[in-house]
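Chain letters run A, B, ... following the sequence lines, proteins first and then strands; every chain starts at 1. The analysis underlying the following values was restricted to heavy atoms, covering all of them including side chains, and did not include hydrogens, waters or symmetry mates.
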Number of protein chains: 2
Amino acid sequence: MTPPAATAPNAAELRTVRTPAGQAKDRILDTAFRLFYAQGLRAAGIDTIIAESGVAKATFYKYFPAKDDLILAYLERVDGVWTGQLHAAAEAAGPDPSDQLVGLFDALSTACRRDGYRGCAFINAAAESASGTRVHERTVAHKQHILAWIRDLADKAGVQDPDRLARSLTLVLDGGLASGVLDADPAAAAAARATAAQLVAAALAPSPAPK
Amino acid sequence: MTPPAATAPNAAELRTVRTPAGQAKDRILDTAFRLFYAQGLRAAGIDTIIAESGVAKATFYKYFPAKDDLILAYLERVDGVWTGQLHAAAEAAGPDPSDQLVGLFDALSTACRRDGYRGCAFINAAAESASGTRVHERTVAHKQHILAWIRDLADKAGVQDPDRLARSLTLVLDGGLASGVLDADPAAAAAARATAAQLVAAALAPSPAPK
DNA sequence: CTTGCCGTAGACAGTTCTGTCTGGTAGCGT
DNA sequence: ACGCTACCAGACAGAACTGTCTACGGCAAG
């Protein structure tokens, strides 16, 4: 009966406890989302993520064969969340595309007021990943999606040069996000919104040839 | 004569080679500058820096008791270099402060055309350091210096709201720098300059109350 | 009941990283 | 000639990290 294993803890009172469902993966992703963003991709170790998820190591590696796979899944989730907030903020500004172009900057204000705000997860991830890696490529793709979406809004707003306006606005947005990793100053977000409003207004005006 | 040490390599043909001067520290800093920027603070290991500097480990730890000390020295050097390039670009634009406010963006264009460009060393460093650490504080201080300098230029240019213009310009500048870690697109730098020119022009104009 | 899947628990290997320590060498001023 | 200083070379310790492996428990479907 008693196993001869000297190292094995007597399995009697062994709390293997629970196994809710196929939700171990979700717990891992939740923890990764939190730790990767708060500490950075490299600073957050696999062991810590496993421990805080309350998951067995074998389970972890079943779902994410390598750390990079988890990082990619994390970025995927961030993409969904952030894009959603951006769209929501834009739509909250009303049906007019030119209003939406300004309104989307409210997502920045909201984000930087959140506790533990540490700037843009994608910019931070790019800073930690070598170019050419899957992680880095993923961040580039994200930024391109955002740029395309803003360009689309600018197009609908009927400005003369949608590309130019979209470029300017993403610069301001990225600037606001990047400064967030330094200090989560709400004034920067407000300034970004004001600057965006100015740029959109100028793009809509008859424009006396700004140069 | 022959040392009894079994492990010791016979010191006969030992090339301890050179000891130029007190320049070991410089070589370390040069290597750190290169590797920290190219790979990131965490990805660049002490051992690699030591090996590529051609320096003994003891020498290294004599000058930099901990890795953080080297990182701080690295940031100090980056600050000097980047601030210098910014000032030079501004001055190259002529004596008029309003021209300098636009001209400083030429430093961004130049930087992103450089091989191995990977965005702003400070933003990247901030992404890898926890807030509250010396490294993080140093990056914040850098950005504040830049902001103060631009504000000063805006003041001299005689715009109505120097704070507001300086905020906008740093947002655009940071945006250009942040996007540099994703892809070193010269178009982004050009767009940043154009946006800056537009913002400066608008700030100087009689301004029909932009809202 | 048995079989297979999903899960826990944790030992283990192999690498890498930071930081310490010993020992030896070359030049320089006195 | 002597000692001082700055340097090179590399072994070593201790920790942390990623990833593999064995062993076991419970649940549901056939």
Exercise for the section: Please determine if B/D163 and B/R167 form a salt bridge, counting it only when a charged side-chain N lies under 4.0 Å from a carboxylate O. Expected result: no
Handout entry: Nearest-neighbour nucleotide for the A/I46 side chain, C/dC6, D/dC7, D/dT18 considered
Key = D/dT18
Completion exercise
When rounded to whole Å, the CZ to C1' distance for the pair B/F64 and C/dT20 reads 18 Å
Handout entry: Test item: B/R27 side-chain N/O and B/G54 main-chain N/O as donor-acceptor pair under 3.5 Å
Key = yes
Completion exercise
Whole-Å distance, B/L35 CG to C/dT16 C1', equals 16 Å
Practice task
Would you please indicate if the ring centroids of B/Y37 and B/F33 are separated by under 6.0 Å?
Solution key: no
Handout entry: Length of the CD1-P vector between A/I28 and D/dG19, whole Å
Key = 14 Å
Fill in the blank from the handout: Taking for B/T59 and for A/Y61 the nucleotide of DNA chain D with the nearest heavy atom, the one nearer the 5' end belongs to B/T59
Practice task
Give a yes/no answer on whether the side chain of A/Y63 brings an N or O atom under 4.0 Å of OP1 or OP2 in C/dG7.
Solution key: yes
Exercise for the section: Assign each of B/R42 and A/A58 to its nearest nucleotide of DNA chain C by heavy atoms, then name whichever residue's nucleotide is nearer the 5' end. Expected result: A/A58
Fill in the blank from the handout: note: B/D26, atom CG; D/dC7, atom C1'; distance rounded to Å ~ 14 Å
Handout entry: Nearest-Å distance for atom pair CZ/P, residues A/F60 and D/dC17
Key = 13 Å
Exercise for the section: Figure out the CD1/C1' separation between B/I49 and C/dG19, and round it to whole Å. Expected result: 14 Å
Practice task
Find the distance A/I50:CD1 to C/dT8:C1' and express it as a whole number of Å.
Solution key: 12 Å
Practice task
May I have the distance from B/D47 (atom CG) to C/dT15 (atom C1'), rounded to whole angstrom?
Solution key: 12 Å
Problem - Expected output: side-chain A/R134 to main-chain A/D68 donor-acceptor under 3.5 Å - result: no
Handout entry: Check: A/K57 side chain, D/dG19 base, donor-acceptor under 3.5 Å
Key = yes
Practice task
Give the nucleotide from the list C/dC6, D/dC8, C/dA9 with an atom nearest to the side chain of B/A56.
Solution key: D/dC8
Completion exercise
Taking D/dC8, D/dG19, C/dG7 as options, the one with an atom nearest any side-chain atom of B/V55 is D/dC8
Exercise for the section: Report yes or no: does B/K67 contribute a side-chain atom to a donor-acceptor pair with the main-chain N or O of B/L41 at less than 3.5 Å? Expected result: yes
